[in-house]
Amino acid sequence: RQQNLHMPIGKTMINNFLPTRQSRQSGNTMLEVLISIVVLSFGMLGMLGLIINGVKMVASSRNRSIAAEQFSTMVEIIKANPFAISTYDAATSTTPNSNCFTTTGCSGTVEMPPNEYGVWQAHLGDVLPSGQGIVCRTSTPSGGTPGAWACDGLGRTTIKICWSESQVSSATNWSTA
């Protein structure tokens, strides 16, 4: 007996390769991919939030470090001339005396403290965003805001430094060191 190995080409051959009914999993893979994309997107948004908060914290930490340096600078200036501490408390000029930068120099304890105070004030404005500071006697060291420092002339000599945190966060917050 001879077997016929001949297959007809045509409609019957194509139908043999096509499934006769659809699989139960049709469309499930697409749904799984979409859910995975959504979950991954939420994860990426969370990572972005962490990065943004990290950048804000670094900027805030930088400002606090600069304020601490400026505080130490004024402490050292006052310690260098302790007998003139009352002139630092009363210093109101924020403009450095140009005579102190010439060969004639300042005339001792009368011009030196206001000049040092003015240089310190100018430097605060340069290194801190909206940086301001004051040396005063006060019974409320942490009280006040820039322009309304709450220095009552009582208590200990206090150095107050403020700057704007608006470049770090969305609102203007004044920090005091």
Side-chain angles (χ1 to χ4, degrees), residues 38-177:
V38 168
V39 169
L40 184 64
S41 298
F42 279 117
M44 296 298 271
L45 285 174
M47 293 292 286
L48 181 64
L50 286 175
I51 290 170
I52 289 172
N53 281 336
V55 169
K56 287 179 182 180
M57 293 301 133
V58 166
S60 179
S61 176
R62 177 189 166 276
N63 289 341
R64 289 180 186 277
S65 295
I66 290 171
E69 289 173 14
Q70 293 305 306
F71 174 82
S72 295
T73 299
M74 184 49 78
V75 167
E76 292 301 319
I77 289 170
I78 292 171
K79 282 172 65 175
N81 198 1
F83 299 109
I85 194 166
S86 62
T87 56
Y88 287 102
D89 287 345
T92 56
S93 173
T94 57
T95 306
N97 185 348
S98 60
N99 291 336
C100 293
F101 301 112
T102 63
T103 54
T104 58
C106 292
S107 63
T109 60
V110 175
E111 289 181 354
M112 184 70 78
N115 182 64
E116 291 173 334
Y117 182 77
V119 170
W120 179 70
Q121 280 280 2
H123 193 63
L124 277 175
D126 291 341
V127 296
L128 288 171
S130 302
Q132 299 175 26
I134 191 167
V135 178
C136 65
R137 289 189 176 275
T138 183
S139 58
T140 57
S142 61
T145 58
W149 292 101
C151 294
D152 55 17
L154 306 171
R156 300 174 60 171
T157 299
T158 305
I159 301 170
K160 296 183 178 188
I161 300 174
C162 293
W163 65 92
S164 173
E165 290 279 333
S166 65
Q167 294 176 350
V168 176
S169 64
S170 59
T172 301
N173 300 317
W174 289 98
S175 297
T176 306

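All values derive from a computational prediction rather than experimental measurement. Residues take their numbers from the sequence shown, with the count starting at 1.
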Nearest 0.5 Å, please: how far is [atom2] in [Y] from [atom1] in [X]?
X	Y	atom1	atom2	result
Asp126	Ile66	CG	CD1	11.0 Å
Glu116	Met74	CD	CE	7.5 Å
Asn53	Leu48	CG	CG	10.0 Å

So, the side chain of [X] versus the backbone of [Y]: is there a donor-acceptor pair under 3.5 Å, distance only?
X	Y	value
Ser61	Met57	no
Trp120	Gln70	yes
Ser142	Thr140	no
Asn63	Leu128	no
Thr138	Ala150	yes
Arg137	Gly155	yes

Mind listing the closest non-hydrogen atom pair of [X] and [Y] along with its distance?
X	Y	value
Trp163	Ala67	CZ3-CB, 3.3 Å
Cys162	Trp149	SG-CZ3, 3.5 Å
Ser60	Glu165	OG-OE1, 3.6 Å
Ile161	Phe71	CD1-N, 3.5 Å

Practice task
Any chance you could lay out the side-chain contact (heavy atoms from CB on, under 4.5 Å) test for Cys136 and Thr157, step after step, and finish with the verdict?
Solution key: CA-CA 5 Å; Cys136 65; Thr157 299; over 6 Å; no

Handout entry: Sequence-distant partners of Ser72, side chain to side chain contact (heavy atoms under 4.5 Å, CB included), two or more places apart
Key =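 If we apply the side chain to side chain contact (heavy atoms under 4.5 Å, CB included) test to Ser72, skipping adjacent residues, there are no hits.
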
